[in-house]
Undergrad: 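Let me give you the structure first, and then I'll get to my questions.
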Amino acid sequence: AQRVTQPEKLLSVFKGAPVELKCNYSYSGSPELFWYVQYSRQRLQLLLRHISRESIKGFTADLNKGETSFHLKKPFAQEEDSAMYYCALLTGGGNKLTFGTGTQLKVEL
Amino acid sequence: SAVISQKPSRDICQRGTSLTIQCQVDSQVTMMFWYRQQPGQSLTLIATANQGSEATYESGFVIDKFPISRPNLTFSTLTVSNMSPEDSSIYLCSVELEGGHGYTFGSGTRLTVV
């Protein structure tokens with residue numbers, strides 16, 4: 001069965017420090033992975049998807065099939081990056097999202 | 001991209017009663033998805049709703065408890081029936097973005113059962 005693991009419930013970094021939010025997945029098929037972000041009092045929104053290989057708000061994530069990982073990285077954290085981040089795996093014939101438990105990122109001044 | 005309006009945004013309900021949550025999308029979509037997020041936990045898919053057919057439920061979720069309607073391509077409802085405190089959660093609807101660029105979510109319904 002598919003599974004997404006985000007080992008850290010809370011990650012605290014100082015402003016300007018690098019950020020890495022970990023995500024590992026378990027899936028026998030070809031994975032399609034996403035990062036979603038939820039800022040305080042806002043709805044869940046798509047941050048980026050591995051297929052597009054884009055950088056959004058300075059964040060990047062590379063799919064590593066060997067390590068079954070899709071870690072989210074940013075070289076210099078900003079205060080506005082403080083939010084809840086969810087890694088998600090698309091399965092079920094391409095229409096079922098399996099979410100990790102989320103990591104709360106707190107950027108301190 | 002599709003914009004989802006979900007209501008109510010929150011409600012406090014008595015155990016044994018039912019609550020219907022509405023999800024309206026500003027464009028036509030084939031599939032709509034309903035998720036639950038229990039306190040301190042991640043999002044779990046409840047069911048997938050296609051217009052004109054019965055919803056497909058995930059393991060652990062049944063139609064009697066979570067009946068879903070999908071009368072047209074822009075609207076769906078999820079009913080939480082015969083509620084107990086364990087049903088206290090955030091319920092979210094979701095649709096696929098155009099071009100298969102991911103999924104967008106409604107703002108959620110925060111349900112508290114007392």
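Convention: sequence-line order gives letters A, B, ...; per-chain numbering from 1. The figures that follow rest on heavy atoms only: side chains count, while hydrogens, waters and symmetry mates do not.
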Undergrad: What part of B/I4 is in contact with chain A, defined as an atom under 4.5 angstrom from a non-hydrogen atom: side chain, backbone, both or neither?
TA: both
Undergrad: Should A/D81 and A/K74 count as an ion pair when the cut-off is N to O under 4.0 Å?
TA: yes
Undergrad: Take atom CD in A/E80; do more than 12 heavy atoms of anything else shown fall under 6.0 Å from it?
TA: yes
Undergrad: Check the surroundings of atom NZ in A/K73: do more than 12 heavy atoms from other residues, nucleotides or ligands lie under 6.0 Å from it?
TA: no
Undergrad: Is a donor on one side and an acceptor on the other found under 3.5 Å between the side chain of B/Q38 and the backbone of B/S42?
TA: no
Undergrad: Which atoms of B/L43 come close to chain A, meaning under 4.5 Å heavy atom to heavy atom: side chain ones, backbone ones, both, or neither?
TA: both
Undergrad: Tell me, side chain or backbone of B/F33 under 4.5 Å from chain A's heavy atoms, or both, or neither?
TA: side chain
Undergrad: Are the side chain of B/T109 and the backbone N or O of B/I21 linked by a donor-acceptor pair below 3.5 Å?
TA: no
Undergrad: At a heavy-atom separation under 4.5 Å, does B/Q6 approach chain A through its side chain, its backbone, both, or neither?
TA: neither
Undergrad: Let me know if A/L97 has heavy atoms under 4.5 Å from chain B in its side chain, its backbone, both or neither.
TA: both
